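Working notes for the structure below.
Quick caveat: nothing in here was measured; it's all calculated off a predicted structure.
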Amino acid sequence: MTMRKIAIAIATGAALLAAPTLQAKPKLTPQQQLDKLLAGRVAGKPVHCIPDFDAREMQVLDKTAIVYGRGNTIWVNIPRNVAELDDDEIQVIRSNGSQLCDLDIVRTLDRGGHFPTGFISLGEFVPYRKVAKAAN
């Protein structure tokens with residue numbers, strides 16, 4: 001192999017390795033993710049319970065908050081023991097009735113082995129609604 005071919009091979013390899021780095025977006029912190037979810041929304045009066053929800057409409061933001069719902073209204077819950085909130089754990093909610101309330105028990109399980117890791121003590125639910133755009 002000639003020196004020229006070796007140089008081309010090295011340059012090509014370096015370009016291929018650098019490409020993902022150039023395209024990678026910086027990962028948002030949990031607080032930045034929450035700020036992005038709340039952009040264009042206004043907070044309402046906190047409530048103790050929210051209507052039963054679909055688990056697919058729940059987002060856990062590590063050591064920050066749990067966001068329920070989607071669309072025009074989302075509810076943000078900052079647990080009383082927010083430092084225990086781990087987005088890599090499974091939340092098992094034991095609810096009494098058709099609502100999720102701040103007194104409901106939320107146990108956490110390890111995602112890999114499904115062994116108990118603790119519990120989350122929910123706080124009040126703050127509704128955030130999309131702000132209506134003014135007509136021109």
Side-chain angles (χ1 to χ4, degrees):
M1 195 179 247
T2 68
M3 288 299 281
R4 183 168 187 234
K5 287 182 181 180
I6 292 172
I8 291 172
I10 291 172
T12 302
L16 289 174
L17 290 174
T21 305
L22 296 174
Q23 295 175 355
K25 293 180 182 177
K27 184 174 179 183
L28 298 176
T29 67
Q31 184 60 53
Q32 289 170 328
Q33 292 174 33
L34 180 59
D35 293 344
K36 186 175 178 179
L37 288 170
L38 298 180
R41 296 178 181 270
V42 63
K45 182 180 176 188
V47 296
H48 293 286
C49 299
I50 60 173
D52 198 11
F53 67 97
D54 185 338
R56 292 173 295 187
E57 296 180 358
M58 177 180 78
Q59 184 175 359
V60 177
L61 302 172
D62 199 42
K63 299 184 183 5
T64 304
I66 307 170
V67 180
Y68 299 92
R70 63 177 173 211
N72 287 333
T73 303
I74 60 173
W75 289 268
V76 176
N77 188 290
I78 299 176
R80 292 187 259 291
N81 57 338
V82 73
E84 302 297 318
L85 191 58
D86 187 341
D87 61 359
D88 197 40
E89 292 180 331
I90 298 169
Q91 292 189 6
V92 180
I93 301 167
R94 178 175 264 163
S95 182
N96 297 316
S98 63
Q99 294 185 321
L100 178 63
C101 297
D102 56 0
L103 296 178
D104 288 337
I105 298 169
V106 180
R107 294 183 305 127
T108 56
L109 302 176
D110 174 75
R111 191 169 298 280
H114 295 125
F115 56 85
T117 57
F119 69 95
I120 299 299
S121 181
L122 297 173
E124 290 185 310
F125 299 87
V126 179
Y128 284 84
R129 291 179 178 83
K130 286 186 179 178
V131 177
K133 295 182 181 180
N136 292 340

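Side-chain contact check for Leu37 versus Gln59: some heavy-atom pair is nearer than 4.5 Å. No side-chain heavy atom of Trp75 sits less than 4.5 Å from a side-chain heavy atom of Leu100.
Counting only residues at least two apart or in different chains, disulfide bond (SG atoms under 2.5 Å apart) contacts with residues 66-95 are absent. Sorted by first and then second residue, the side-chain hydrogen bond (donor to acceptor under 3.5 Å, both in side chains) pairs involving residues 113-122 (not counting sequence neighbours) are Arg80-Ser121, Glu89-Thr117, Thr108-Thr117. Listed by first and then second residue, the salt bridge (charged side-chain N to carboxylate O under 4.0 Å, His left out) pairs involving residues 96-115 are Asp88-Arg111 (not counting sequence neighbours). Evaluation of the salt bridge (charged side-chain N to carboxylate O under 4.0 Å, His left out) test over residues 31-48, restricted to residues two or more places apart or in two chains, returns none.
In terms of the side chain to side chain contact (heavy atoms under 4.5 Å, CB included) criterion, residue partners of Pro79 (sequence neighbours excluded) are, by chain and number, Ile66, Asn77, Asn81, Val82, Leu85, Ile120. Shown here are the side chain to side chain contact (heavy atoms under 4.5 Å, CB included) partners of Pro46, two or more places apart in sequence or in another chain: Glu124, Val126.
Annotation for Cys101 and Phe125: closest pair C-CE1, 3.8 Å, computed over non-hydrogen atoms. Closest non-hydrogen pair, Ile78 versus Ala65, comes out as CG1-CB, 4.1 Å. Of all non-hydrogen atoms in Pro30 and Thr64, the two that sit nearest each other are CB-OG1, 3.2 Å.
Linking ILVMFWY side-chain heavy atoms closer than 4.5 Å, directly or via other members, places Met58 and Val47 in a single hydrophobic cluster. Linking ILVMFWY residues whenever their side-chain heavy atoms come closer than 4.5 Å, directly or via other members, leaves Leu109 and Val106 in distinct clusters.
Separation of atoms CD1 (Ile50) and OG1 (Thr73) is listed at 11.0 Å; rounding is to 0.5 Å.
In terms of modelled atom types and a separation under 3.5 Å, the side chain of Gln33 and the main chain of Leu28 share a donor-acceptor contact.
By the neighbour-count criterion of 12 heavy atoms within 6.0 Å, atom CG of Leu38 is densely surrounded, having more than that number from other residues, nucleotides or ligands.
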Would Asn72 and Lys130 satisfy side-chain contact (heavy atoms from CB on, under 4.5 Å), going step by step from the backbone distance to the final call? CA-CA 5 Å; Asn72 287 333; Lys130 286 186 179 178; 3.8 Å; yes
